[in-house]
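Scroll down for the structure; my scribbles are underneath it.
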Amino acid sequence: MIPEHLFPMTFVVFDMEWNQPIPYIPSPIDPKILPGEIIDIGAVKLEMLSEKEYRLSRPFSVTIRPTYYRIMNKQVSKVINKSTDDLKSGMHFKDAIRQFMEWCGDDYVLCAWGDSDISILKSNLKIHGFSSEINDRFLDIQPLFGRVAENTSQQRSVAYAVDFYRIPKTDDFHSADRDAWYEARILQESLIDYFAIRAKGTETEQTFPNLRTYISNPNLTTQKKWKSEVFTSEKAAARKALEEKMLCPICETSLSEEIGWFASGHSYLSLWQCVTHGALSGRIRIKRTPKQEFYGSGQLRFVNGNAARYVREKWQEKNEKKEECEEIANKCDK
Ligand SMILES: [Zn+2]
């Protein structure tokens, strides 16, 4: 639970529109480095005065004149309804981002719907010579909404959540500041639901993750990857990959095991904790080489409450199956 003394707490909900390269025109820059160039930033502050009282700010909005992708991509245009002519006006990214940061203030949780806005923001900062480090607290509204509103890890759209909470639709979607406003309203309703569910006291920390677990540090994208040697059998490759020592990718201390490695489909999954940096999940896949040999490919990365829950659910499913099998085996013995 968030301690009372943290109120008021400020959430900055932001939304962006970006243009994309056009496939048949040589791109002025590698699209892998810049998958989208920001042309609009919209944001709304949601101030939490108590678990039930919230205040919405007036929207922030800035239009950016693109430096690289100056011809409107048709697919993008269909969604956001802008033409190449519209891209000729607006501020330079450098000025726009300074204005945005200033408007944000210095003590807030940055929020968005999904994690694509944040990765696009990072790539744009980098290309313009800024550090790609952003605010160290980020909340993805989508999984929080999924959990508190519907108890699902299914991905929903903003429009779906707006309908779910019966938020009045006063404007079209897909203008950055309007979308940010809708998302801030969804966050408000989700927080109210979250605290109401918590207040009932019927859920445990395991079944209903603390709000804290939805807030991650987007600058900690560090992940660890490893590969085993090549073996002639799948089993040997798995055995070797599973031997890897689990250390936190940031501080390199030994991780404590929450759920040890278990087989799930064609992968192995696990869940770990670093005392300082939070929850991590591990996944090992067994891959086949062209010579029909095998190696294990492992990945350890930071996870939010929903992703951690996925691993717990898979573990539970497996245990239930095991119990069922044992039951059947017992009956046969008799
Ligand atoms: Zn650590």
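Whatever order the structure lists them in is the order used to number ligands and atoms, beginning at 1. Quick note: residue numbers are just sequence positions, from 1. Predicted model only: the values in this text are computed from it and were never measured.
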What distance separates S281 OG from R312 CZ, expressed to the nearest 0.5 Å? 11.0 Å
Hey, mind stepping through E17 and K82 against salt bridge (Lys or Arg N to Asp or Glu O under 4.0 Å) and telling me if it holds? CA-CA 10 Å; E17 309 298 346; K82 274 195 174 189; over 6 Å; no
Please determine whether a side-chain nitrogen of the Lys or Arg among D193 and R147 lies less than 4.0 Å from a carboxylate oxygen of the Asp or Glu. no
Q292-R288 side chain donor-acceptor pair, cut-off 3.5 Å: yes
Between V311 and F262, is there a side-chain heavy-atom distance shorter than 4.5 Å? yes
Once you measure the plane-to-plane angle for Y165 and F145, does it fall in the parallel (<30°), tilted (30-60°) or perpendicular (>60°) bin? perpendicular
Given a cut-off of 2.8 Å, the protein N, O or S atoms lying below it from the Zn ion (ligand 1) are C248 SG, C251 SG, C274 SG, H277 ND1
